[in-house]
Amino acid sequence: MDLTRENIRNLTNLWSLAGRANGQFYSNDDYAISTVAASEWPNKLWFHRPPSRKKLEEILDRTNIAGFTIPVWQTNVTEKLLLSQNFILKNELTGMSIQLKDNHYHTGELSFQKVTDTGTAALWSCLFLKAFGYCISPETVVLTMNRVDYLIGYHGSQSIGTAVLFRDTPNLAGIHSIGVVPDHRRKGYAGDLLNHVLNLAKQQGAIYATLQASQMAKGLYLKTGFREDFLLKNFVKH
């Protein structure tokens, strides 16, 4: 299995699902765009193949890219073209993967709740905003929760963080949005959230799991057994 390709496919399918469910989605042979109004996610434009300068200029001319992120994982050609069009590098993430093992991943003292209604969707969205600093609308969560496992972690009665499991094919689980709110960081909860999702992925029959890691979180994933597969660079208009 090409885990780099599967990682990217899982990620872009999640973006596409959100736009179709609660916003707008468009795709052709060259690129795709997915957006949700009154939300900071997904709001992505990505390329199915590296564009020429002329093609990139055509896309930008007919697309209002204000507030959009353009992710790049192919070659330096697209990166150089974006920089020439006054885009700047927003951040870099590392695409990572792991083969799920038979052993149980330890989840500490946390308990977990799956989002199943508007109330828990609102709580998940609030926790996500505190953990990551940007918004995924509760409406998007509600409209996609039949396809996506949105999870809330608790320590006792206190809600401490979020996680997402998205399986768009039987053998692979995409892990997203592992986040702990600031008041509960540095207590090992991120690892507990991750391990719960890995256990859930195994229970659902997945053989591999993928994610995209920030530089700050990469050490946790490497310690858990993930390997580094590729670099994803996110660009925004200056």
Side-chain angles (χ1 to χ4, degrees), residues 4-53 55-96 125 128-141 143-144 148 150 162 164 166 168 174-179 210-218 229-238:
T4 294
R5 183 184 64 188
E6 293 300 308
N7 190 332
I8 293 168
R9 182 192 47 72
N10 180 274
L11 182 60
T12 56
N13 281 349
L14 183 60
W15 295 338
S16 304
L17 176 65
R20 288 189 176 103
N22 193 36
Q24 296 181 342
F25 174 75
Y26 173 78
S27 180
N28 61 24
D29 290 341
D30 295 308
Y31 71 99
I33 188 168
S34 185
T35 178
V36 173
S39 176
E40 297 172 83
W41 181 89
N43 301 347
K44 298 286 195 304
L45 186 157
W46 65 96
F47 301 104
H48 298 312
R49 55 192 178 194
S52 65
R53 178 178 295 275
K55 177 60 66 173
L56 176 61
E57 291 174 350
E58 289 176 358
I59 294 170
L60 296 178
D61 283 343
R62 61 174 177 259
T63 305
N64 180 10
I65 50 83
F68 276 74
T69 298
I70 297 182
V72 173
W73 51 77
Q74 296 114 327
T75 67
N76 288 334
V77 175
T78 305
E79 179 179 346
K80 291 177 181 177
L81 284 176
L82 289 172
L83 292 173
S84 74
Q85 296 294 320
N86 294 321
F87 283 81
I88 60 172
L89 180 65
K90 178 183 179 182
N91 58 37
E92 294 182 355
L93 303 174
T94 302
M96 308 183 78
S125 181
F128 180 91
L129 176 61
K130 291 179 180 179
F132 291 95
Y134 66 95
C135 175
I136 295 179
S137 72
E139 293 79 12
T140 299
V141 176
L143 291 169
T144 57
V148 181
Y150 295 94
T162 63
V164 163
F166 177 52
D168 58 336
I175 297 174
H176 309 272
S177 305
I178 301 288
T210 60
L211 52 77
Q212 305 81 41
S214 67
Q215 184 63 35
M216 182 174 66
K218 190 166 67 172
D229 294 323
F230 66 97
L231 188 64
L232 186 155
K233 297 183 178 182
N234 288 307
F235 291 85
V236 293
K237 193 72 171 178
H238 182 62

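- Side-chain contact of Y150 with T144: a donor-acceptor pair under 3.5 Å is present, judged by distance alone.
- For K130, the NZ atom counts as loosely surrounded, since its 6.0 Å shell holds 12 or fewer non-hydrogen atoms of other residues, nucleotides or ligands.
- Between the side chain of S34 and the backbone N or O of G19 there is at least one donor-acceptor pair closer than 3.5 Å.
- Interatomic distance, CZ of F68 versus OG1 of T35, reported as 4.0 Å (0.5 Å rounding).
- Looking at residues two or more places apart in sequence or on another chain, you find a salt bridge (charged side-chain N to carboxylate O under 4.0 Å, His left out) between E6 and R9.
- The distance from the CZ atom of F230 to the CG atom of L93 is 9.0 Å, given to the nearest 0.5 Å.
- Here salt bridge (Lys or Arg N to Asp or Glu O under 4.0 Å) pairs that include residues 24-37, with residues two or more places apart or in two chains, are D30-R49, D30-K55.
- Among all heavy-atom pairs drawn from L81 and S52, the shortest one is CD1-C, 3.8 Å.
- The backbone N or O of S177 lies less than 3.5 Å from a partner atom in the side chain of T162, making a donor-acceptor pair.
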(request) Please step through side-chain contact (heavy atoms from CB on, under 4.5 Å) for the pair N43 and T69, ending with a clear verdict. (result) CA-CA 6 Å; N43 301 347; T69 298; over 6 Å; no

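- At least one side-chain heavy atom of S27 sits less than 4.5 Å from a side-chain heavy atom of H48.
- Residues V36 and S137 share a closest heavy-atom pair of CG1-OG, 4.2 Å.
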(message) One pair to check against side-chain contact (heavy atoms from CB on, under 4.5 Å): F235 and L83. What are the steps and the verdict?
(response) CA-CA 9 Å; F235 291 85; L83 292 173; 4.0 Å; yes

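- Formation of a donor-acceptor pair under 3.5 Å by the E40 side chain with backbone atoms of C135 is found in this model.
- With hydrogens and angles disregarded, no donor-acceptor distance shorter than 3.5 Å links the side chain of N91 to the backbone of K233.
- One side chain, T140 or N22, offers a donor N or O that lies under 3.5 Å from an acceptor on the other.
- Between Y134 and F128, the ring-plane angle classifies as perpendicular under the 30° and 60° cut-offs.
- The two residues P138 and S125 make their nearest non-hydrogen contact at CD-OG, 3.5 Å.
- Not counting sequence neighbours, the partners of P71 by the side chain to side chain contact (heavy atoms under 4.5 Å, CB included) test are W15, K44, W46, W73, L232, N234.
- In this structure, the side chains of I175 and V164 stay at 4.5 Å or more apart for every pair of heavy atoms.
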(message) I'd like to know whether F87 forms a side-chain contact (heavy atoms from CB on, under 4.5 Å) with E79, so could you lay out the CA-CA distance, the side-chain angles of the two residues, the decisive distance to 0.1 Å, and finally the verdict.
(response) CA-CA 9 Å; F87 283 81; E79 179 179 346; over 6 Å; no

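- More than 12 non-hydrogen atoms from other residues, nucleotides or ligands lie less than 6.0 angstrom from CD of E92.
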(request) Let me see the working for T63 and Y31 under side-chain contact (heavy atoms from CB on, under 4.5 Å), right down to the final yes or no. (result) CA-CA 11 Å; T63 305; Y31 71 99; 4.2 Å; yes

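- Interatomic distance, L211 CG to L11 CG, rounded to the nearest 0.5 Å: 10.5 Å.
- When all heavy atoms are compared, the tightest approach of W41 to A18 is CZ3-CB, 3.4 Å.
- Annotation: the span from L56 atom CG to I70 atom CD1 amounts to 7.0 Å, rounded to 0.5 Å.
- Rounding to the nearest 0.5 angstrom, the gap separating the CD atom in E57 from the CD atom in Q85 is 5.0 Å.
- A distance of 8.5 Å separates CZ in F132 from OG in S214, rounded to the nearest 0.5 Å.
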